[in-house]
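Data first, discussion second: the structure below is written as structure tokens.
Sequence positions, counted from 1, serve as the residue numbers for this chain. The shown structure was predicted, so the numbers you read here are calculated from the model rather than taken from an experiment.
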Amino acid sequence: MTLGLESPAPPIKVENWLRGQPLTSFQPGKVYIVEFWATWCASCVAALSDLVQLQEKYRDSGVEVLGIAAGERAQTAEKARSKLDAWLTEKLPNLNYRVGLDYTREMDELWMDSSFSIGISTSFVVDRDGHIAFIGSPTQLEEVKRFCRRF
């Protein structure tokens, strides 16, 4: 399956939610920003901080940010989870959106591989109808408003 603009959004397949309540599916009428990142990615820290501000600014407009930690390097899922939890506590104490761990790489395959996205951090915007409206750098997210009506 190839994932591109206007494609239906793939499912959410997260085995461990470290922040926020678990989310199993996208709700119609909401805009979702799905951000793929990792603790070892230097540029991701700035992007994640920007997402905190973006979530705060657009929360009342029906926008929800989901951080997907992809590619964490650890021997087991539990070690990856512990490492990620400590990292989030230290680096992003004011985190205001959901964060899930993708240790099995299922989300990575459904989203990143299917869209031929090579590096992280990578953002996907799911519009109010459940379709992909944007794939790209999180630095361009402020410009995404033109892609999503009422965003």
Side-chain angles (χ1 to χ4, degrees), residues 1-4 7-27 30-127 130-144 148 151:
M1 177 181 99
T2 300
L3 182 64
S7 295
I12 301 168
K13 300 284 186 173
V14 173
E15 65 273 10
N16 287 298
W17 289 97
L18 283 88
R19 299 291 187 274
Q21 295 297 311
L23 183 70
T24 56
S25 62
F26 296 113
Q27 298 173 8
K30 283 191 161 192
V31 172
Y32 293 88
I33 298 169
V34 182
E35 175 71 19
F36 285 80
W37 62 280
T39 58
W40 48 262
C41 169
S43 65
C44 293
V45 177
L48 295 174
S49 295
D50 290 345
L51 288 170
V52 167
Q53 295 172 10
L54 193 132
Q55 177 65 81
E56 186 65 33
K57 184 175 181 178
Y58 294 108
R59 177 185 314 271
D60 294 337
S61 299
V63 175
E64 186 166 338
V65 176
L66 305 176
I68 306 298
E72 286 305 308
R73 298 173 180 157
Q75 292 179 339
T76 66
E78 187 53 42
K79 286 182 181 180
R81 188 181 199 291
S82 294
K83 175 183 163 185
L84 182 57
D85 189 46
W87 189 91
L88 288 168
T89 299
E90 177 187 339
K91 303 284 187 188
L92 293 165
N94 63 337
L95 192 67
N96 59 356
Y97 56 85
R98 300 174 210 240
V99 173
L101 171 63
D102 180 31
Y103 191 77
T104 65
R105 289 203 75 247
E106 193 168 0
M107 284 283 289
D108 206 38
E109 290 171 9
L110 289 169
W111 293 75
M112 295 289 289
D113 295 350
S114 295
S115 66
F116 303 100
S117 296
I118 298 171
I120 54 174
S121 60
T122 298
S123 297
F124 295 81
V125 174
V126 178
D127 69 17
H131 294 89
I132 302 295
F134 173 83
I135 302 170
S137 170
T139 60
Q140 299 171 311
L141 284 173
E142 275 294 331
E143 299 171 26
V144 170
C148 298
F151 173 12

- Considering all heavy atoms of both residues, which atom of I120 and which atom of A70 are nearest to each other, and what is their separation? CD1-O, 4.3 Å
- Message: Could you report the tightest heavy-atom contact between D102 and E15, atom names first, then the distance?
- Response: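 D102 and E15 have their closest heavy atoms at C-OE2, 3.6 Å.
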- Listed once per pair and sorted, the disulfide (SG to SG under 2.5 Å) pairs that draw on residues 44-73, sequence neighbours left out: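 The answer is C41-C44.
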- Item | Pairs meeting criterion disulfide (SG to SG under 2.5 Å) with involvement of residues 47-90, two or more places apart |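 For residues 47-90: none.
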- Query: Does Y103 have any ring pair (Phe, Tyr, Trp, His ring centres under 6.0 Å) partners at least two apart in sequence or in another chain, and if so, which?
  - Reply: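 Ring pair (Phe, Tyr, Trp, His ring centres under 6.0 Å) list for Y103, sorted by chain: empty.
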- Message: Check this for me, if you would: do E64 and R98 make a salt bridge, where the nitrogen-to-carboxylate-oxygen distance has to be below 4.0 angstrom?
- Response: yes
- Report yes or no: does D108 contribute a side-chain atom to a donor-acceptor pair with the main-chain N or O of M112 at less than 3.5 Å? no
- Side-chain (S114) to main-chain (E109) donor-acceptor, under 3.5 angstrom: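 Checking the backbone N and O of E109 against the side chain of S114, a donor-acceptor pair under 3.5 Å is found.
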- Task: Quick one: list whatever passes salt bridge (Lys or Arg N to Asp or Glu O under 4.0 Å) with D50, sequence neighbours left out.
- Result: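 D50: no salt bridge (Lys or Arg N to Asp or Glu O under 4.0 Å) contacts found.
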- What pairs of residues pass the side chain to side chain donor-acceptor pair (under 3.5 Å) test when at least one of them lies in residues 36-47, not counting sequence neighbours? T39-E72
- With sequence neighbours left out, which residue pairs that include part of residues 60-82 fulfil the ring-ring contact (aromatic ring centres under 6.0 Å, His included) condition?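 Found none.
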- Task: Could you please spell out the steps behind the side-chain contact (heavy atoms from CB on, under 4.5 Å) verdict for I12 and T24?
- Result: CA-CA 6 Å; I12 301 168; T24 56; over 6 Å; no
- Task: Please work out whether the ring planes of F36 and W111 are parallel, tilted or perpendicular, with thresholds of 30° and 60°.
- Result: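 The arrangement is tilted - the two ring planes meet at 30° to 60°.
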